Amino acid sequence: MPKASQSKPLWGPIPRAELRAWQYNHPRWNWARRRRARRALIAIYLLTLAALATVGWIDALRGGHREGLTGTLWLAFFVAVLVEQAVLDKATRGLFRLRVGDLDERQRAVRDLGYRYGFRIVAGAGTAILAAALYLPTDRLLLAGTNRLEWIAIAVAVVYLLWMVPTMVVAWIEPDDPAVDDEPAPL
Amino acid sequence: MGGNGEQVYNRLLVLRAERGLSRHDVAAAVGTHYQTIGYLERGEYSPSLQLALKLAAYFGLPVEAIFSLTPFTPLSEQLYAQPGAPGAPKR
């Protein structure tokens, strides 16, 4: 017969893996783990990335000195992207930040699913863009004639988008977390 | 999620309630995340053979007493149902 409670030593160093898992599983972020909240976070993240690319592009057209209103806005959106990434990681319990050894079998399966679907989405989008580029006249291509700074403005947003695709996939498809339950099940 | 998509039914919630255990207790004993126990109870995840055997060993029961490919008959019905009574299983 298993015991209902397990005692832990009160003192001593906390193992690193346990600390990382604790950070990503902290109940403070339970609000972000609801499916509706996760989907809203994805929408906000994508909008922020679009804003980051747009403002970066405008700033590049003005010389790319990251000064004035566009520079300040770009920095604000960049910080927002980092904050939103951190919240999305908390919302998915750090599935893509923790080491594989720190995850259990279900979490590993969910992570694999995120990578699999993420790869398909990126591959599909890349193919669509290539196909569009092949059929568009060169002078009408969206990025034709862009300078280095304009490229960088787009590239920053695209890199952050690609980096988070698997996380967004999991945040979108995962069902609501089971209720937090530290107590025995009621009879 | 999990397995080949075929639903695996289980009695984890009943067993946990009977023995006064939390999800954390069960999860710590079998080395898994407590949310995974929640997903198992809700039927949203089918365990690997290894996890199923660990859970069976933890509860001291045969695997087929905890997991099944067909829905379980309620325990009260299995133990006390009288043939012919309203709500009794039809055989």
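In what follows, every heavy atom counts, from backbone to side chain, and hydrogens, waters and symmetry copies are set aside. Only a predicted model underlies this, so the values are computations on that prediction, with no experimental measurement involved. Lettering of chains follows the sequences in order, A, B, ..., and the numbering in each one begins at 1.
Two different hydrophobic clusters hold B:Leu12 and B:Tyr9 under the rule that ILVMFWY side chains link at heavy-atom gaps under 4.5 Å. Note on A:Leu161 and A:Trp172: same hydrophobic cluster, where clusters join Ile, Leu, Val, Met, Phe, Trp and Tyr whose side-chain heavy atoms are under 4.5 Å apart, directly or indirectly. Taking hydrophobic clusters as Ile, Leu, Val, Met, Phe, Trp and Tyr residues chained together by side-chain heavy-atom distances below 4.5 Å, A:Ile152 shares a cluster with A:Trp57.
Put simply, the side chain of A:Gln107 does not reach to within 4.5 Å of the side chain of B:Gln35, judged on heavy atoms.
Counting non-hydrogen atoms of neighbouring residues, nucleotides and ligands closer than 6.0 angstrom, the OH atom of A:Tyr117 reaches no more than 12 such neighbours. The neighbour count for A:Arg99 CZ, taken as heavy atoms of other residues, nucleotides or ligands under 6.0 Å away, does not exceed 12.
Rounding to the nearest 0.5 Å gives a distance of 9.0 Å between OG of B:Ser48 and CZ of A:Arg108.
Nearest heavy-atom pair across B:Tyr39 and A:Asp176 is OH-O, 3.8 Å.
Panel note: side chain A:Glu105, backbone B:Pro47; no donor-acceptor pair is recorded below 3.5 Å.
Of the listed residues (B:Val26, B:Leu51, B:Ile37, B:Leu40), the one with the most heavy-atom contacts under 4.5 Å to chain A is B:Leu51. The candidate with the highest count of non-hydrogen atom pairs below 4.5 Å against chain B, out of A:Asp104, A:Ile173, A:Leu103, A:Asn25, is A:Asp104.
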